[in-house]
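As structure tokens, the structure follows; a few thoughts come after it.
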Amino acid sequence: MPEGPSIIILRELIEELHLSKPEVLEVAGNAKNFDKDRLLHKKIQSFKSWGKHFLICFDDFTVRIHFMLFGSYLINQSKKIPLKLGLIFKKDELNFYTCKVDLLEGNVNQHYNWENDVMADEWNCIAAIKKLKNMPEALVCDVLLDQQIFSGVGNIIKNEVLYRTRIHPLTKIANLTPAKLKALVNEARNYSFDFLKWKKENTLSKHWEAYNQKECPLKHVIDKKELGKTHRQTYYCTKCQKLYN
DNA sequence: ACGTATGTTATCCT
DNA sequence: TAGGATAACATACG
């Protein structure tokens, strides 16, 4: 569920309901880090997302849903596992499970820089390159997971972007050529949209070239190691992906 | 059946 | 004290 494109899919499914500023008639669930009565009888102004964050925006506060690793949602359906947050409108309902729910005070724009979201219209690749240049010692396998630079990128996107750009995960930012640095940043967005398309078609895993693979498309062995300070599983081909040093 | 994981953060160590 | 390791969340998949 968790990476950025999956949140876009949730947003699109809600759009298809054609709710216009729906009033919350009932609030359910065991989310208890804020008073759920805050939402009651208030109108939702918009549904937004920032990377892996799903945002339900009210007049002067926003409910933030983060699905973490195991989170899920159902629209106009429910299931047996404990409900974290349920919002009931006149005709529809949204149910969120196993997620982190937080309430952000004030205008949502004060909480987020939309330029960091690789899938947003506002995405700013120049700003991303600038941030990367300020961390020359960082490894590419770590920076791709940095939500302040590549909001929405997760471990699948990380591995696929590194394979597509033929960059070894342990390459330091300082050692990338300007062209490779640019390719890295551009592919973070580009692959995210392929992810979105394939996820909708239910063919995402079929298109993986490195993530979860035993061999790359050229039949070389794929190595699998926990790399970087993030210690996330990294799948890479030492023949196809160059270590810049 | 069991091991692993598309993620993040609080807390406990050193 | 900064940093790293660990646990926690509680589900789905192969």
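Across residues 144-157 of chain A, A/Q147, A/G154, A/N155, A/I156 each have a non-hydrogen atom less than 4.0 Å from an atom of DNA chain B (numbered order). Applying a 4.0 Å cut-off to non-hydrogen atoms, the residues of residues 201-216 of chain A that approach DNA chain B are A/Y211, listed by residue number.
A/D194 has a carboxylate O that lies under 4.0 Å from a charged side-chain N of A/K197, or vice versa, which qualifies the two as a salt bridge. A/K182 has no carboxylate O lying under 4.0 Å from a charged side-chain N of A/E187, or vice versa, which leaves the two without a salt bridge. Ionic pairing of A/K200 and A/E12 is present here: one or more N-O contacts between side-chain nitrogen and carboxylate oxygen are shorter than 4.0 angstrom.
Under the side-chain hydrogen bond (donor to acceptor under 3.5 Å, both in side chains) criterion, A/K214 pairs with no residue at all, not counting sequence neighbours. By the ring pair (Phe, Tyr, Trp, His ring centres under 6.0 Å) test, A/Y211 pairs with A/W208, A/Y235, sequence neighbours left out. For A/Q148, there are no side-chain hydrogen bond (donor to acceptor under 3.5 Å, both in side chains) partners, not counting sequence neighbours.
Because its NZ or CZ atom is both nearer than 6.0 Å to the ring centre of A/Y97 and within 45° of the ring axis, A/K79 counts as a cation-pi partner of that residue.
On the P atoms, B/dT4 is 15 Å away from C/dA7, given to the nearest whole Å. A gap of 16 Å separates the P atoms of B/dA5 and C/dT6, to the nearest Å.
Side-chain N/O atoms of A/Q233 include none lying less than 4.0 angstrom from OP1 or OP2 on B/dT4.
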- Item | Per-nucleotide protein contact string for nucleotides 9-14 of chain B (B base, S sugar-phosphate only, - none; heavy atom under 4.0 Å) | S-----
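The span of DNA chain C lying next to chain A, judged by atoms under 4.0 Å from heavy atoms, is bounded 5' to 3' by C/dA5 to C/dA12.
You'll find the side chain of A/V24 stays beyond 4.5 Å of the side chain of A/H41, heavy atoms only. When side chains are defined from C-beta on, A/N116 does not count as touching A/E122, because their heavy atoms never get closer than 4.5 Å.
Sorted by first then second residue, the salt bridge (Lys or Arg N to Asp or Glu O under 4.0 Å) pairs that include residues 44-64 of chain A, not counting sequence neighbours, are A/R64-A/D102. The list of salt bridge (Lys or Arg N to Asp or Glu O under 4.0 Å) pairs with a residue in residues 125-153 of chain A, not counting sequence neighbours, reads A/E137-A/K172. The list of ring-ring contact (aromatic ring centres under 6.0 Å, His included) pairs with a residue in residues 166-194 of chain A, not counting sequence neighbours, reads A/H168-A/Y236. Among pairs with a residue in residues 152-161 of chain A, those fulfilling side chain to side chain donor-acceptor pair (under 3.5 Å) read A/N155-A/K158, A/K158-A/T234, at least two apart in sequence or across chains.
No donor-acceptor pair closer than 3.5 Å links the side chain of A/R38 to the backbone N or O of A/F61.
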- Message: For DNA chain B, please output the secondary structure as dot-bracket, reading 5' to 3'. Pairs are Watson-Crick or G-U wobble, both atom distances under 3.5 Å; mark crossing pairs with [ ], other-strand partners with |, unpaired with a dot.
- Response: .||||.||||||||
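Following chains of ILVMFWY side-chain contacts shorter than 4.5 Å, one cannot reach A/W114 starting from A/L196, and the two form parts of different hydrophobic clusters.
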